[in-house]
Amino acid sequence: MQVTVIGAGVAGLCCALELAERGAAVEVLERSERLGAGCSWYAGGMLAPWCECENSGPLIAELGVEGLEWWRAHFAGTHVSGTLLVAHGRDAAELTQFARRTARFERVDGHGIAALEPELAGRFDRGLYFAGEGHLDPRAALAALAGRLDAIGVRIRYGVSVSDAMLTGRVLLDCTGLAARGELTDLRGVRGEMVLLRSHDISLSRPVRLLHPRLPVYVVPRGEGLFMVGATMIESDADGAASARSILELLSAAYALHPAFGEAQVLEIGVGVRPAFADNLPRLCRAGDTLYVNGLYRHGFLLAPPLARRAAGALLEGREFPEVMHEDSRQRRLA
Ligand SMILES: Cc1cc2nc3c(=O)[nH]c(=O)nc-3n(C[C@H](O)[C@H](O)[C@H](O)COP(=O)(O)OP(=O)(O)OC[C@H]3O[C@@H](n4cnc5c(N)ncnc54)[C@H](O)[C@@H]3O)c2cc1C
């Protein structure tokens, strides 16, 4: 079968790879002149099936475990060193609430935190440690996927902006993220601002989330002194420049995690708009010869692989996956 994948974000690249590895003849069309022009470029790269349950449900954890395994098998830069959550003493209620809504963690005290992250010694006296979670550098992961596709003969054509109507007669997999909101009318944007810092005064081994009633933040280490600090969650389709308030809040929270971030270099301020359906769950939607893979919301790296597997199963084998294809399925109601 010949399949045209539209969009070279994480969803499109994972889908192209799954389809090609199952024997389909695949091409990828990307409207931008370069890889990573969409939301995927700005992601933190956390692969956190259990932490993400805090504001979603069991479907995300189930798919997420599959996603984490896929990345381990497909990208050597996948780290599984866990996620550490901390809160200052006055915000202990945030930890209690987070623990109620999630699973697969152990409680850690100040000694436990210091053992995991020596540079945080003495700064926090309680936290949660999700040992089985992972992280990756999204930009390196996108490049690795593109390289793998190239190696197996799948061409990515850049600078090609297409609509489904222009490609009648082909089997289409639409992975255009928020750009599909004309066809998927309940798709919306959730704006996320992030900051990329460089500091050689602190090192972290894993993503650290600082819980706070107003300014929750996470810091993801990317090696060689790079840290991604994220991310705002704003109900908006606008992808314009980050606001001063958002950057002030992100940097203040990073500073509250560790004062060394106060001296860090600001390398980049970025904005991505997460594509999300009303229930914040991902979905495969059929319309004629087109299958849409969309709604990856705040878990696109975590969920793109399981969605890609299901998209390939649906296109090549005619299989149904009610958990992501039927809006009224039990899984969706539970989530
Ligand atoms: C600040 C921030 C932090 C995040 N952190 C995480 C995280 O830690 N972990 C995680 O799992 N997820 C995270 N996410 C979510 C994740 O980034 C998204 O869910 C994911 O990137 C969505 O991927 P996508 O491929 O659907 O869309 P996109 O990455 O937007 O890709 C769509 C692509 O389609 C192309 N396109 C659009 N229209 C056309 C057209 N007509 N023709 C051809 N090409 C077209 C675009 O140029 C783009 O390249 C984060 C998001 C943000 C903003």
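None of these values were measured; they are calculated from a predicted model. In each ligand, atom 1 is the first atom listed, and ligand 1 is the first ligand listed.
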Below 3.5 Å, N or O to N or O, backbone or side chain included: is there any such pair between [X] and ligand 1?
X	answer
Met46	yes
Gly192	no
Arg31	yes
Asn294	no
Met194	no
Arg274	no
Leu302	yes
Ala231	no

Under 6.0 Å from the [atom1] atom of [X], do we count more than 12 heavy atoms belonging to anything else shown?
X	atom1	result
Glu235	CD	yes
Arg123	CZ	yes
Arg104	CZ	no
Gln2	CD	no
Glu268	CD	yes

Element-labelled atoms of ligand 1 that are located less than 4.0 Å from some non-hydrogen atom of [X]:
X	result
Leu296	19 (O)
Val160	42 (N), 43 (C)
His299	10 (C), 11 (O), 12 (N)
Ala179	37 (C), 38 (N)
Cys175	32 (C), 33 (C), 34 (O)
Gly300	10 (C), 11 (O), 12 (N), 15 (C), 16 (C), 18 (C), 19 (O), 20 (C)
Tyr218	3 (C), 4 (C), 5 (N)
Gly272	53 (C)

What's the shortest distance from [atom] to any protein heavy atom, and which residue and atom give it?
atom	value
atom 25 (O) of ligand 1	Ala11 N, 3.1 Å
atom 2 (C) of ligand 1	Tyr42 O, 3.5 Å
atom 6 (C) of ligand 1	Gly44 N, 3.5 Å
atom 35 (C) of ligand 1	Glu30 OE1, 3.3 Å
atom 13 (C) of ligand 1	Arg298 O, 3.3 Å
atom 27 (O) of ligand 1	Gly177 CA, 3.9 Å
atom 15 (C) of ligand 1	Tyr297 O, 3.1 Å
atom 34 (O) of ligand 1	Gly7 CA, 3.3 Å

Exercise. Is it true that Gly230 lies under 4.0 Å from ligand 1, counting heavy atoms only?
Worked result: no

Distance-only donor-acceptor pairs under 3.5 Å for side chains of residues 105-113, two or more places apart:
unit_1, atom_1, unit_2, atom_2, d
Asp109, OD1, His111, N, 3.1
Asp109, OD1, Gly112, N, 2.9

Exercise. Who else is in Met233's hydrophobic cluster (ILVMFWY, side-chain heavy atoms under 4.5 Å, direct or via others)?
Worked result: Val190, Tyr297

Counting heavy atoms only, which of [options] is nearest [atom]?
atom	options	result
atom 30 (O) of ligand 1	Ser40, Cys39, Ala180	Cys39
atom 4 (C) of ligand 1	Ala43, Gly9, Ala8, Pro275	Ala43
atom 42 (N) of ligand 1	Val162, Leu29, Leu13	Val162

Seminar exercise, completed: Only one of Leu250, Leu251, Leu226 passes side-chain contact (heavy atoms from CB on, under 4.5 Å) with Leu197, and that residue is Leu251

Seminar exercise, completed: Which of Leu35, Leu17, Ile156 passes side-chain contact (heavy atoms from CB on, under 4.5 Å) with Leu145? It is Leu17

Exercise. With a 4.5 Å heavy-atom cut-off, do Met1 and Val171 have their side chains touching?
Worked result: yes

Exercise. Do Asn280 and Arg188 get their side chains close enough for a donor-acceptor pair, meaning under 3.5 Å?
Worked result: yes

Problem set entry | Under 3.5 Å side-chain donor-acceptor pair for Glu27 and Thr4 | yes

Problem set entry | Salt bridge Arg126-Asp91, side-chain N to carboxylate O under 4.0 Å | no

Problem set entry | Row check, Trp41 ring normal vs Arg34 NZ/CZ: under 6.0 Å, within 45° | yes

Exercise. Once the angle between the rings of His88 and Phe124 is folded into 0 to 90°, is it parallel (under 30°), tilted (30 to 60°) or perpendicular (over 60°)?
Worked result: tilted

Problem set entry | Working for salt bridge (charged side-chain N to carboxylate O under 4.0 Å, His left out), residues Glu52 and Arg209 | CA-CA 12 Å; Glu52 289 297 294; Arg209 298 186 184 215; 3.2 Å; yes

